Amino acid sequence: MKVVLDHLTKRFPNRTKGEPDVIAVNDFTFEIPDGKLIGLLGPSGCGKSTCLNLISGLEKPTSGKVFFGETDVTDLEPENRGVGLVFQNYALYPHLTVRQNIMFPLQNLKGADKLSKEEMLRRADEAARMVQIEALMDRKPSQMSGGQQQRVAIARALVKMPRVLLLDEPLSNLDARLRLQTREEIRRIQRETGITTIFVTHDQEEAMSISDEIVVMKLGVLQQIGKPQEVYNDPVNLFVAQFLGTPAINTFTGEVQGGHVYIGSEVVLDAPGVPDQEVFVGIRPEGFVLDENGPFTLDLTRVEVMGRDTSVVAAHPFAQSPSVRAIISSENEVDTGAAKVRFSLKPKKVFLFAAESEERIRF
Ligand code: ADP
Ligand code: MG
């Protein structure tokens, strides 16, 4: 089932007099293709949960519409939309067993949708198998780990065979290893069931690793939509460039003059056709090439060798952060005693942004 957002906007009235209203979701128009997993990504407070709640029906939009397929669901109550919801807090019923928790949504079905006890048990077993907790069906939530509880919550969301699965930071309460495992699990289940899924997270790595497409937001405004690697390789503005990637992109203040990109007094790259102006220069850590005759000189801080890769940590007076990080193959020998280190740059890994608007300048 494809999901279409059409000029969707949610404005919350100000909480304190004199303060402006919060536009948590500002004029969102995009389509989530049938059967895909979309990662809704942005920093805390940017409106991710609000957007998800508009899709589920827990919130009503100030303006705009939500379609499931060709059907306008904007005025439908959440329970009539056929959505499965999973939140950060598993929110299981503590006095019910796992089986009873998973079956719970089925017991409220009325009229023609009403199921027999046998059918409910069968569906609960099937959902439990999908998330691999079938051996724990008689336990209470308190007798399970956080990861197991979250699986129960996912099974409970799947048991009604929803048309759309909505996950709001579902891994945030899990420890690092479980987070990794559970996200792979979610990806597998999504592929197996083909349910259109929207996965909300503030963690760019999480979103990048499991999504067919990511939607990057900032302060209620959609920044960019695309395949994770495409957005990483081709960010539309400085915010997106800085939000994606670990280690983060290195940002410098610079200047374009006569088609040359200056950082300080050095011409680090050519940018033919770009008008003279002040810019931010973003360089991905993997964009540096160790080169003793290279055009870009940094103050060497230290060298970290980690198996396959070497991180060269350096400093530069025009860098936006105290340390610059270059990642090069560990086959390179870095003179750790030297005060300076020189690089040339891979043009595809260097982005220019207008100093004022922070929009990308292509060259
Ligand atoms: P996220 O999930 O990305 O952290 P939210 O969607 O929860 O962000 O919130 C987006 C913005 O809307 C925030 O500024 C938040 O304070 C505001 N907001 C969310 N819910 C309400 C509400 N019920 N009333 C007023 N403001 C709200
Ligand atoms: Mg949230």
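Keep in mind the model is a prediction, meaning the values are calculated, not measured. Counting convention: from 1, in listed order, for ligands and their atoms alike.
A distance of 5.5 Å separates CG in L40 from CE in M217, rounded to the nearest 0.5 Å. Separation of atoms CG (L171) and CD (Q150) is listed at 7.0 Å; rounding is to 0.5 Å.
The protein heavy atom nearest to atom 14 (O) of ligand 1 is V22 CG1, 3.6 Å. Nearest protein heavy-atom contact of atom 4 (O) of ligand 1 is G45 N, 2.6 Å. Taking atom 19 (C) of ligand 1 as the reference point, the nearest protein heavy-atom neighbour is F12 CE1, 3.4 Å. Distance from atom 5 (P) of ligand 1 to its nearest protein heavy atom, with residue and atom name: T50 OG1, 3.7 Å. Regarding atom 7 (O) of ligand 1, its nearest protein heavy-atom neighbour is S49 CB, 3.8 Å.
For D203 and T201, the side-chain atoms include no donor-acceptor pair closer than 3.5 Å.
In terms of polar-atom proximity, E59 is not counted as a contact of ligand 1, lacking any N or O under 3.5 Å from an N or O of the ligand.
In this structure a side-chain-to-backbone donor-acceptor pair under 3.5 Å is missing from E59 to C51.
Within the structure, ligand 1 has G47 among the residues with a heavy atom less than 4.0 angstrom away. A heavy-atom separation below 4.0 Å is found between R15 and ligand 1.
Residues F68 and L76 are not in side-chain contact: their nearest non-hydrogen atoms beyond the backbone lie 4.5 Å or more apart. No side-chain heavy atom of F199 sits under 4.5 Å from any side-chain heavy atom of S211. Looking at heavy atoms from C-beta onward, V281 lies in side-chain contact with L352 at the 4.5 angstrom threshold.
Close contacts between ligand 1 and A24 involve ligand atoms 10 (C), 11 (C), 12 (O) [criterion: under 4.0 Å to a heavy atom].
Atom 25 (C) of ligand 1 lies below 4.0 Å from at least one non-hydrogen atom of the protein.
Checking each of Q223, Q242, R360, E358 against N237 for a side-chain hydrogen bond (donor to acceptor under 3.5 Å, both in side chains) leaves exactly one that passes, namely Q223.
At a threshold of 2.8 Å, the Mg ion (ligand 2) has no backbone or side-chain N, O or S atom of S44 nearer than that distance.
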